Amino acid sequence: MPIINRIAEFHDDMTAWRRDLHRHPETAFEERRTAEFVAEKLAGWGLEVHRGLAKTGVVGTLHGHEINGGGNGSRAIGLRADMDALHIHELNDFGHRSTEDGKMHACGHDGHTAMLLGAARYLAETRNFAGTVHFIFQPAEENEGGGRVMVEEGLFEKFPVESVYGLHNIPGMAAGRAGLRVGSAMASFDIFEITVTGDGAHAAMPHLGNDPIVVAAQIVGAVQTIASRRIDPLESIVVSITQFHAGDTWNVIPHQAVLRGTARCFKAELRDRIESEIEKIAGGICAAHGATLEYRYERRYPALINSERETGIAAGVAAEVLGADNVQLGAPPLMGSEDFAYLLEERPGCYIWLGNGAGGGPGGCSVHNPHYDFNDEISVLGASYWARLVETTLPRGG
Ligand SMILES: [Zn+2]
Ligand SMILES: [Zn+2]
């Protein structure tokens with residue numbers, strides 16, 4: 001069975017919902033209109049609707065058919081879509097462009113929301129499964145970790161599930177194709193700040209001070225050796241210095257320099273290594289020059305790890321909907337990050353990439369670009385994938 005015909009019948013509705021959401025983008029924890037939109041639809045189709053988790057989060061609960069009159073089974077799974085937009089000024093000029101200046105759905109979360117709504121509508125109509133599905137509409141995926149907040153506020157205590165699934169569109173991959181992998185799929189995301197304090201002086205008399213710029217410059221070079229000389233070359237890590245702040249004028253050596261950056265990797269133990277290696281290098285260089293170091297390393301999103309069993313299930317369902325040739329099991333991991341990782345720390349599950357369109361064509365513009373748009377042609381595929389995932393994972397009589 002490729003796509004689900006009943007879902008194809010309301011493709012136009014999904015497109016209309018998606019474009020409505022695109023016109024009204026809302027950023028982290030302010031997704032009030034979006035949450036209202038989602039909640040109203042879910043309630044209209046007869047789902048139990050729960051509001052307020054992580055401020056604007058919405059969870060819709062749907063029970064399947066009864067099994068032989070003995071309840072509908074105790075098994076449950078979670079499906080998650082993100083709802084938030086980005087602080088980007090949209091440069092598209094089509095009819096559904098953003099009406100909120102400086103905000104834009106440039107990551108396709110409008111499409112993710114519409115596809116999960118499409119699946120909810122179909123499953124509410126058919127209920128051809130045994131057990132319970134929790135449709136998790138999450139706020140603040142970008143930067144703010146709405147997924148972490150939902151978990152901290154008791155997502156899985158309030159809505160117990162045996163597994164949880166996520167999906168993201170991916171420009172550059174043809175529409176109709178999908179990719180996924182067992183294990184590490186997206187990197188952890190951490191930030192760090194290095195403050196070097198020396199001693200200010202007249203620029204013509206540097207020997208009377210202690211130049212923090214020279215010290216910080218050596219730190220910038222030396223931290224490159226973490227990836228190239230300290231960590232096994234078969235591991236993937238990134239340590240990038242992205243800010244270097246020091247000085248205000250031509251003839252003054254400042255007393256302080258501040259470096260900031262980000263670290264990405266796929267393993268918890270490597271995060272610990274990177275954190276301590278930066279401190280060791282920066283501390284050693286500061287000590288060698290008589291400067292002092294202040295160091296802050298902050299863990300943001302963990303690496304996203306797909307469990308083996310659930311990834312197998314997801315791959316099978318994707319192959320059924322898209323055709324086996326169109327599903328790449330073992331797709332390469334991405335160094336980007338995703339807060340669905342917090343949900344996967346709590347429950348087994350799988351996060352799949354659904355092609356949004358190849359480069360140059362519709363849907364091929366990269367996410368976070370002011371010209372990006374979600375490709376409505378893939379929404380039937382995404383919603384069919386969700387629906388079949390439920391029917392496969394929670395089979396009647398199973
Ligand atoms: Zn994004
Ligand atoms: Zn995204």
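Keep in mind it's a predicted model, so treat the numbers as computed, not measured. Quick note: numbers below take in every heavy atom, side chains included, and nothing from hydrogens, waters or symmetry partners. As the structure lists them, so they are numbered: ligands from 1, and atoms in each ligand from 1. Sequence positions, counted from 1, serve as the residue numbers for this chain.
Contact check on Arg97 versus Glu90 returns no salt bridge, with no Lys/Arg side-chain nitrogen under 4.0 Å from an Asp/Glu carboxylate oxygen. Using a 4.0 Å cut-off between charged nitrogen and carboxylate oxygen, Asp82 and Arg80 count as a salt-bridge pair. Between Arg19 and Asp376 a salt bridge is recorded (basic side-chain N to carboxylate O distance below 4.0 Å).
Glu30 meets the side-chain contact (heavy atoms from CB on, under 4.5 Å) test with Thr27, Arg32, Lys103; sequence neighbours excluded. By the side-chain contact (heavy atoms from CB on, under 4.5 Å) test, Asp272 is found to be paired with Arg299, residues two or more places apart in sequence or in another chain being considered.
Only protein N, O or S atoms were scored, and 3 of them lie under 2.8 Å from the Zn ion (ligand 2).
Residue pairs meeting the salt bridge (Lys or Arg N to Asp or Glu O under 4.0 Å) criterion with at least one member in residues 344-354, sequence neighbours excluded, do not occur.
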